[in-house]
Amino acid sequence: MNQSKEIIASVVSAAHEVRNEQRTLEYSDQQVLVKVERGGICGSDIHYFQHGRAGMSVLKQPMIIGHEFVGRIAGAPAGSGLRVGQAVAVNPSQPCNHCQLCLEGKQNLCREMRFMGSAQFFPHVNGGFANYVAVNAFQCVPYADDADARVIAFAEPLAVAIHAIRQAGDLVGKKVLVTGSGPIGCLVIAAALAAGAAEIVATDMSERCRKLAQQMGATAAVDPTDQQITAKWQENGGYFDICFEASGAAAAIASTVGFTRPKGRIVQLGMGAASTEFPLGPLLVKEIELAGSFRFIHEFETAVRWLESGRINPLPLLSAEFPQQQLVEALETASDKNLAAKVQLVFA
Ligand code: ZN
């Protein structure tokens, strides 16, 4: 540690204990200093804020949250290829890069993954919600100076969606169902459309989410409790070639097998309860494949390119933005599913 910088960081220490505090950021000559411009609030940030935990990761010490962020290079080591002032999206993944899974190119499954803004390990790995953050050069993906930072800040969740698309295989001409039309479900819709899907139907209990799903490219958006429609999806062994389960809700998970045609595939990316009831009988007799999808690998770069080129426009999902000073208001707005899809924080 041979550099330091006074920063203002957005820190969560326990459920509903969140504040902006001054900290001294210490980092090495080998690291890159990024002046953070904006960051999207993700479900896990909201979970840390509301419950002091996200899934199995429990807060044991104050942690800077945030793992969807973009900024400008404020300092970079010689030979990094990065220049001061350059716009970058920061990949929050820090795999160990030497375990068997990493060597096989499956870095998203690395058991030593130090994912930014995650309390999985102790000490926790700080996130990017601060006016400055120190990261590794390999985490920085430069993007065009004139691209919209609001758009590029969707790179991380879009990378999750593109990884899920790859887990599904070839989508060209396929009939696709996406259960759950939150930000991730909606980005899966957009990515599936970009990947050539012929028909994309979305479900969500919320009318607001269904409208967003259609704005993001869904052919139709359906209330999953509408049995007149969902009964048709189960006729003749199932209608959809591919089902992306993006809600994590038990009822949605259980419903996917009935909607998927024989030899079809279900991709589970909604994170719900650790275990749930699942109808194995129809899975077996229809020879349906069930695939998990977790985070992303090089899809992060792909996501930056798709956003930079306008191949995907995520802005319908951006519900609100707040300056860092209004951290609590931003988190409360992001927590209210009736109010907001994606909320971004803006750093001065
Ligand atoms: Zn590894």
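Bear in mind the structure is a predicted one, so any value in this text is a computation, not a measurement. FYI, side chains are in, hydrogens and waters are out, and symmetry mates aren't considered; it's all heavy atoms of this structure. Just so you know, ligand 1 is whichever comes first in the structure, and atom 1 is the first atom listed for that ligand.
Under the rule for a salt bridge (Lys or Arg N to Asp or Glu O under 4.0 Å), the partners of E299 that lie at least two apart in sequence or sit in another chain are R166. Residues forming a salt bridge (Lys or Arg N to Asp or Glu O under 4.0 Å) with E104 (at least two apart in sequence, or on another chain): K106. For D336, there are no salt bridge (Lys or Arg N to Asp or Glu O under 4.0 Å) partners at least two apart in sequence or on another chain.
Inspection of the Y143 and E301 side chains reveals no N or O donor paired with an N or O acceptor under 3.5 Å.
The set of protein atoms (N, O or S) found at less than 2.8 Å from the Zn ion (ligand 1) reads C96 SG, C99 SG, C102 SG, C110 SG, by chain and number.
N136 pairs with exactly one of Q94, Q30, Q31 by the side chain to side chain donor-acceptor pair (under 3.5 Å) rule, that one being Q94.
Between F347 and F129, the ring-plane angle classifies as tilted under the 30° and 60° cut-offs.
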